[in-house]
Amino acid sequence: MYLEQRLYETFGYRTFRVGQKEIIEDVVAANDVLAMLPTGGGKSICYQLPGYVLPGSVLIVSPLVSLMEDQVQQLRLRGEKRVIALNSFLPDEQKKRALMNLQHFRFIYASPEMLQSPLWQKALKNVAISLFVVDEAHCISQWGHDFRPDFRKLGAIRRELGNPPCLALTATATEEVRNDIIETLQLTNVRQHLYSVDRPNIAIQVDCVDSVEEKVARVLDYAKTLQGPGIIYVSSRQWAEMLAHKLAAEGIEGVAYYHGGMDSEQRLLVQHQFLCDQLQLVCCTNAFGMGVNKENVRYVLHFHLPSQLEAYVQEIGRAGRDGKNSIAVLLYTHGDEDMVQSLIEAELPTDEQVRLFMAYGNELRSLVEINDVQWRLLHYMVEKERTNAHTAEEMIANLQVAIEARRQWKRNKLGQMRSFLFRSHCRREQIVAYFQQRLEKKPINCCDRCTLSLDSYQRKQTDEPAWAFRGWEEELRQMF
Amino acid sequence: MLSYLLLYCLHRFNGERSLAAVYHLLTGKKSAQTLQDSKWFQLERVFGIYKTLSLGELEQAAMQLLQNQWIVSVDERSYVLTEAGKEALHEWLVSARFFTHLNGLLYDTVDRLFWYRLSLTVQTLSNLVHRRQFIPIHRHEATLTWVKTYLLSKNLHELAETLHKELHTICSALSEEEATILTLKLTSFTRIGWTNEQIAAFLQKDRLYVQLTFQNVLHYMMKRAERESKQFPILHDMIKNLVKPVSLTLSAQKTYDWLMKGKTVKEIARIRHLKPSTIEDHIVEIAANVRDFSITPFVAEDTKRKIIEAATRLQTRQLKKIRDAVGDEISYFEIRLVLAKAGESSVS
């Protein structure tokens with residue numbers, strides 16, 4: 001009962017969601033825990049609540065700066081002052097103060113890069129850390145869908161900090177990835193809490209159409225008829241902009257696009273507008289979503305094929321966090337695989353990059369174009385091969401083998417994504433089977449392979465009258 | 001819109017700089033060359049006003065101008081305006097209200113910090129006065145801290161009233177459209193601020209037009225807030241301790257530090273394991289950016305006079321032409337240094 005009381009006092013919730021209590025009990029008892037909770041299952045409570053029960057600080061490692069900032073803001077919104085995010089944007093003044101009294105903070109968020117800085121490491125060693133949390137832990141594994149080589153060093157960092165109990169959290173990890181997490185973080189006597197990846201309130205549909213034009217027509221149709229708010233995922237910046245313009249031109253109101261190429265202020269505005277229901281629909285690349293804590297997303301459309309099922313599950317999981325009925329529609333047309341293939345290629349280091357890296361090291365970045373993913377991967381592979389190769393030629397050969405292996409692995413993942421599309425089997429069952437789980441119960445609106453009627457997802461209420469601008473003077477007066 | 005902006009730059013460059021120079025100028029590259037260019041050719045106002053521009057977009061705009069026969073190519077990637085081009089530019093400039101106060105070089109980066117403070121203060125006040133919870137519209141930690149500290153020291157309702165009055169005064173002095181853009185960009189307790197794109201769609205204008213008009217408004221506000229502390233107490237507080245970071249590249253900054261310790265070019269080159277020519281590049285950059293940096297230790301008065309005389313007579317900023325005129329005994333380094341400083345005086 002004690003934990004429930006804490007939950008209510010601190011977070012205002014009366015009951016735990018599935019799995020939360022069991023996980024928290026193990027965490028509070030100082031066990032190493034690996035927890036897999038579906039997206040939107042309330043993962044952050046699993047370490048935030050212990051923050052108020054355990055004597056020391058909670059250190060949370062997170063892959064994205066924006067993700068950390070969102071979490072910090074949400075905690076602050078709840079009135080928590082003893083929270084800090086360590087990142088390179090911290091102003092000098094605050095950095096100095098933070099370094100001096102880091103132990104004062106209840107929650108310390110940090111990127112893996114920051115944890116490698118000797119300055120912060122030294123400061124952290126003086127902090128009594130009761131819990132070491134790794135959020136989005138699948139990033140640790142090179143077999144995860146969002147591999148971050150820096151995460152691999154977390155095991156060593158944890159040891160440096162005196163081996164505090166560890167909680168690894170993820171929403172999407174196959175058995176292969178889970179084992180990799182346990183090994184890398186050196187979890188001992190680990191308690192595994194694996195909850196179903198299934199989200200019963202999200203219906204799943206795949207539309208196979210004949211052409212790209214038809215896809216656009218379908219999107220338009222869905223945007224007009226489905227109950228919003230919604231998200232449309234595309235796989236390039238150009239498509240995000242194009243589709244948003246197209247929809248707006250067709251009279252859809254409250255559409256915007258979002259991608260990594262926009263300046264950060266415009267990006268944040270779009271995100272905030274969506275959160276406040278000022279926007280109904282966002283056309284975006286996968287840059288949008290992580291950390292966007294919006295409860296009432298009613299549908300997620302995929303305009304392009306995701307490169308693997310993990311990414312797909314993560315993205316459709318942004319729908320229906322409030323538990324209400326929502327729908328995910330994937331649009332496919334013949335040849336969509338080609339686009340994924342070229343995305344896969346764009347993430348792998350090229351032969352030229354490998355050779356130049358061996359000759360010039362980090363200078364490479366100024367010699368030839370290389371994107372962040374290629375760069376991280378190349379670095380990681382070189383480090384890994386360093387002990388195996390004795391000469392430069394040997395090294396190059398080994399790297400090429402490693403890159404080819406990765407290419408094959410990615411193609412295999414794409415193959416699995418394709419078979420998800422074309423198998424005549426229940427889509428929900430396919431998804432849980434992919435994560436080595438079993439489906440206990442099918443919802444009434446399951447998927448297009450079972451039973452699914454779009455009726456209950458149609459727009460019901462007529463939207464509120466559009467906001468009208470009554471001149472700057474009136475607008476200014478209203479603000480204050 | 002972009003093509004007109006390009007036309008404007010090409011006109012000022014008059015065939016002496018390539019398209020790449022325009023690109024660096026508009027994106028605000030902090031290199032010695034670009035900073036000097038903006039002064040020599042009196043293009044300070046457009047320095048860094050289009051940071052998200054891509055080279056491809058600019059090339060496309062150039063193609064457009066070529067097709068219109070508003071420009072002709074004089075050298076590889078350098079262009080001059082045709083008569084038709086000059087006419088088009090002239091017409092456009094008459095309507096280009098957003099050039100009135102725009103000063104990209106003077107307010108580079110500071111304008112963004114000022115806007116962060118202003119918009120976050122408005123959002124915070126608006127929400128506090130109406131007792132709402134909110135998520136800050138910016139994540140810039142330094143701004144968050146500033147706003148928090150600032151609001152703690154004041155009475156909220158008085159502050160809201162005064163800021164309202166100040167913004168009203170500013171808006172009244174602006175055109176209807178400018179005032180609309182400014183208010184729509186602000187975030188209140190009922191509405192998240194709009195993106196440039198959304199405002200452009202609303203006003204049926206070009207996105208770049210909205211962006212530049214907004215920057216013009218910001219620069220206007222900053223100018224008035226700086227000077228009229230009585231009229232604009234809050235806006236003045238927002239701007240007064242915003243220091244413009246000296247725009248030197250990191251490497252040039254190190255060279256500067258050594259110069260201040262009395263080291264010579266050769267000594268610095270040895271200490272830093274760099275070529276003397278690199279150190280010279282740094283010194284030119286310093287000369288262009290640090291107002292009280294004297295070039296007298298590097299250039300004799302007599303040499304300086306000769307260079308200025310040649311540049312004025314030939315009406316050029318091209319190093320080679322000047323060198324040909326003054327003779328081999330004067331180095332490129334000396335010419336660049338003099339031009340770096342001369343740009344400043346010709347403007348002021």
Side-chain angles (χ1 to χ4, degrees), chain A residues 65-66 68-70 72-74 76-79 81 84-85 87-95 97-98 241 244-245 248-249 253-258 261-279 293 467 469-480, chain B residues 51-52 54 112 115-116 119 122-123 125-127 129-130 133-146 157 159-165 167-168 170-172 174 176-198 201-203 207 211:
Chain A
V65 174
S66 62
M68 289 197 288
E69 286 171 338
D70 283 324
V72 169
Q73 279 184 344
Q74 279 157 23
R76 282 186 187 156
L77 198 60
R78 206 177 285 130
K81 290 196 171 64
I84 189 169
N87 60 48
S88 43
F89 305 114
L90 214 57
D92 281 349
E93 187 73 9
Q94 269 171 294
K95 184 172 157 184
R97 246 182 303 150
E241 294 193 15
H245 286 143
E253 278 181 23
V255 196
Y257 61 82
Y258 181 105
M262 297 155 65
D263 78 63
S264 63
E265 190 184 347
Q266 309 288 309
R267 234 172 30 215
L268 269 175
L269 286 176
V270 170
Q271 188 177 323
H272 280 283
Q273 290 176 355
F274 190 58
L275 283 174
C276 299
D277 289 331
Q278 210 166 305
L279 283 174
N293 230 327
W467 170 87
F469 183 63
R470 283 176 305 220
W472 63 265
E473 224 165 350
E474 174 61 20
E475 187 66 20
L476 215 50
R477 198 189 58 73
Q478 270 190 2
M479 275 179 202
F480 296 101
Chain B
K51 297 223 164 60
T52 52
S54 74
R112 209 185 67 233
W115 170 244
Y116 281 0
S119 49
V122 170
Q123 184 196 15
L125 277 175
S126 178
N127 279 284
V129 167
H130 292 92
Q133 280 202 334
F134 69 100
I135 303 173
I137 195 76
H138 300 295
R139 285 170 169 161
H140 191 253
E141 279 288 337
T143 303
L144 295 178
T145 314
W146 186 88
H157 289 272
L159 207 57
E161 201 177 311
T162 316
L163 186 55
H164 181 195
K165 208 156 69 192
L167 287 174
H168 193 275
I170 291 284
C171 285
S172 303
L174 298 170
E176 196 66 21
E177 187 180 77
E178 287 168 331
T180 303
I181 292 176
L182 177 62
T183 38
L184 284 177
K185 287 206 69 142
L186 286 168
T187 294
S188 67
F189 78 104
T190 51
R191 183 179 59 81
I192 303 292
W194 286 14
T195 64
N196 291 331
E197 182 126 358
Q198 289 164 338
F202 178 67
L203 295 174
R207 184 175 55 90
Q211 187 184 322

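Everything numeric in this text was worked out from a predicted model, so none of it was measured. Throughout, protein chains are lettered first and strands after them, A, B, ... in sequence-line order, and every chain is numbered starting at 1.
Heavy-atom distances place both the backbone and the side chain of A:Q273 under 4.5 Å from chain B. With a threshold of 4.5 angstrom between heavy atoms, A:A85 does not approach chain B through any atom at all. For B:N196, the parts sitting under 4.5 Å from any heavy atom of chain A are the backbone and the side chain alike. Residue A:I84: no heavy atom, backbone or side chain, is found under 4.5 Å from chain B. For A:E475, the part lying near chain B is the side chain, with the backbone staying farther off; criterion is any non-hydrogen pair under 4.5 Å. In this structure, the portion of B:H130 lying under 4.5 Å from any heavy atom of chain A is its side chain and not its backbone. No part of A:R267 comes within reach of chain B, as not one of its non-hydrogen atoms sits under 4.5 angstrom from that chain. For B:W115, the part lying near chain A is the side chain, with the backbone staying farther off; criterion is any non-hydrogen pair under 4.5 Å. With a 4.5 Å cut-off on non-hydrogen atoms, B:T180 touches chain A through its backbone and its side chain both. With a threshold of 4.5 angstrom between heavy atoms, B:S172 approaches chain A through its backbone and through its side chain. In this structure, chain A has a heavy atom under 4.5 Å from the backbone of B:F134, while its side chain stays farther away. Interface remark: B:L184 contributes side-chain atoms only to the contact with chain A (heavy atom separation under 4.5 Å). If you measure heavy-atom distances from B:K165 to chain A, you find no contacts under 4.5 Å at all.
No side-chain donor-acceptor contact under 3.5 Å links B:T187 to the backbone of B:I192.
No other option in A:V270, A:L268, A:L275 has as many heavy-atom pairs under 4.5 Å with chain B as A:L268.
Side-chain atoms of A:H245 and B:E197 form a donor-acceptor pair, as typed in the model, at a separation below 3.5 Å.
Under the 4.0 Å criterion applied to side-chain N and carboxylate O atoms, A:E265 and B:R112 are not assigned as salt-bridge partners.
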